[in-house]
Amino acid sequence: MTSNQLKPPQSLTLNRPLKQLNLEIETCTRCPRLIKHCNQVAIDKRAAYRDDDYWGKPVPNFGDAPAEILIVGLAPGAHGANRTGRMFTGDRSGDWLYRALHKSKLANQGVSIDRFDGTKLIGCAITAVCCCAPPDNKPTTEEINTCATFLDRAIDVYQPRVLITLGGLAWRATLKHTIERDWVIAPSPRPKFGHGAKVKLTDGRWMLGSYHPSQQNTFTGRLTEKMLDSVFKTAKRLSKT
Ligand code: SF4
């Protein structure tokens, strides 16, 4: 047997840590306020989903490792990912995100209904700053800091060339991780968030900012389909540089 035959395939070695990470996320109970909220939402339910079996716990990363592009959201939606168990799945934000991913050939389809709908990400993955749905979509600083270890490990597991942050909070949290890794070439003054903001990192990596596809942004026209498409187009281009 040659030394190559002794080595497991790369996909297996990389997916094992991802499975372990996702399992740890799903069973995490470190933020009592968030765990209580996720459970309560799953009991109360929204009338439109009263027959659904809510996930009601921390939501794991979505997408196989490695991934050239890692999308960092804020947190699962109470009746979206907290209901379906998959990041950005089952709500209007997800409709926008997966439509854009499909248009950029980063997903095999542009809909995301539930975790059994056959959606597959292609060369990208989705994670979040906070893996539990927070009341009013607002995790506390302490909760974000507590969950930071999972985001850090997601970056390790996925080894992305491009990090796309959805919203200012995800930008700041991700920037912190990249600075801690000495990836940011000019960390001071701290690069500012904006739609289309770009930070060149070390070793050909990039960080991009995008407005979050929340209804607050999409209903008001602050974020248009064209604007979101353009971020993914840029990310794809940069991931090949
Ligand atoms: S937010 Fe993160 S650290 Fe806190 S309970 Fe959820 S998964 Fe655990």
Side-chain angles (χ1 to χ4, degrees), residues 14-46 49 52-65 67 70-91 93-94 97 112 114-115 121 124-160 163-181 193 207 212-214 216:
L14 286 170
N15 276 327
R16 208 171 296 141
L18 176 60
K19 278 181 193 159
Q20 176 62 32
L21 173 60
N22 282 345
L23 183 67
E24 286 180 45
I25 291 171
E26 284 178 36
T27 53
C28 179
T29 56
R30 284 183 287 162
C31 306
R33 182 186 83 112
L34 298 183
I35 294 298
K36 191 174 167 204
H37 181 68
C38 292
N39 280 328
Q40 198 56 50
V41 169
I43 292 165
D44 296 344
K45 302 185 182 182
R46 180 175 278 172
Y49 305 125
D52 285 21
D53 194 8
Y54 273 56
W55 180 257
K57 58 186 179 182
V59 178
N61 302 296
F62 179 44
D64 286 340
L70 181 61
I71 300 158
V72 186
L74 171 59
H79 302 279
N82 184 58
R83 174 173 60 88
T84 62
R86 194 175 70 193
M87 288 290 181
F88 278 94
T89 297
D91 59 17
S93 300
L97 181 63
S112 78
D114 57 44
R115 63 186 189 282
L121 298 179
C124 77
I126 308 176
T127 189
V129 166
C130 173
C131 296
C132 288
D136 302 322
N137 282 326
K138 284 185 189 142
T140 63
T141 305
E142 191 188 345
E143 287 159 352
I144 291 170
N145 290 341
T146 306
C147 210
T149 175
F150 288 142
L151 176 56
D152 203 43
R153 284 173 61 192
I155 295 171
D156 274 343
V157 166
Y158 284 111
Q159 286 296 314
L163 291 141
I164 301 179
T165 63
L166 301 178
L169 207 152
W171 171 272
R172 289 187 290 280
T174 307
L175 190 62
K176 197 167 163 240
H177 287 281
T178 55
I179 289 173
E180 281 166 8
R181 286 163 183 260
F193 171 71
M207 189 174 129
H212 192 286
S214 64
Q216 218 176 3

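For ligands, and for the atoms within them, numbers begin at 1 and follow the listed sequence. By convention here, the first residue in the shown sequence is residue 1.
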Worksheet item: At a non-hydrogen distance cut-off of under 4.0 Å, which region of C31 contacts ligand 1 (side chain, backbone, both, or neither)?
Response: both
Item to complete: Record the part of P58 in heavy-atom contact with ligand 1 below 4.0 Å; permitted values are side chain, backbone, both and neither.
Response: side chain
Practice prompt. Decide yes or no for I35 and P58: does some side-chain heavy atom of the first lie under 4.5 Å from some side-chain heavy atom of the second?
Written response: yes
Fill in: Student check: side-chain heavy atoms of D91 and H79 closer than 4.5 Å
no
Worksheet item: Which residue holds the protein heavy atom closest to atom 2 (Fe) of ligand 1, what is that atom called, and what is the gap in Å?
Response: C147 SG, 2.4 Å
Worksheet item: Is atom 6 (Fe) of ligand 1 less than 2.8 Å from at least one N/O/S atom of C132?
Response: yes
Fill in: For C28, atoms of ligand 1 separated by under 4.0 Å from a heavy atom
3 (S), 5 (S), 7 (S), 8 (Fe)
Practice prompt. Flag the pair L74 / P139 as yes when at least one side-chain heavy-atom distance between them is below 4.5 Å, and no otherwise.
Written response: yes
Item to complete: Tell me which part of L34 gets within contact of ligand 1: side chain, backbone, both or neither, using heavy atoms under 4.0 Å.
Response: side chain
Worksheet item: Less than 4.5 Å apart, any side-chain heavy atom of M207 and any of W171?
Response: yes
Discussion item. Within ligand 1, which atoms have a heavy atom of R30 less than 4.0 Å away?
Written reply: 3 (S), 5 (S)
Worksheet entry | More than 12 heavy atoms from other groups under 6.0 Å of CG on D53 | no
Discussion item. Restricting to N/O/S atoms, is C131 within less than 2.8 Å of atom 2 (Fe) of ligand 1 or not?
Written reply: no
Discussion item. Salt bridge or not between R181 and D152? Use side-chain N to carboxylate O under 4.0 Å.
Written reply: yes
Worksheet item: Any side-chain heavy atom of L169 sitting closer than 4.5 Å to one from F193?
Response: no
Worksheet item: Counting each atom of ligand 1 from 1 as listed, which ones have a heavy atom of C130 under 4.0 Å away?
Response: 1 (S)
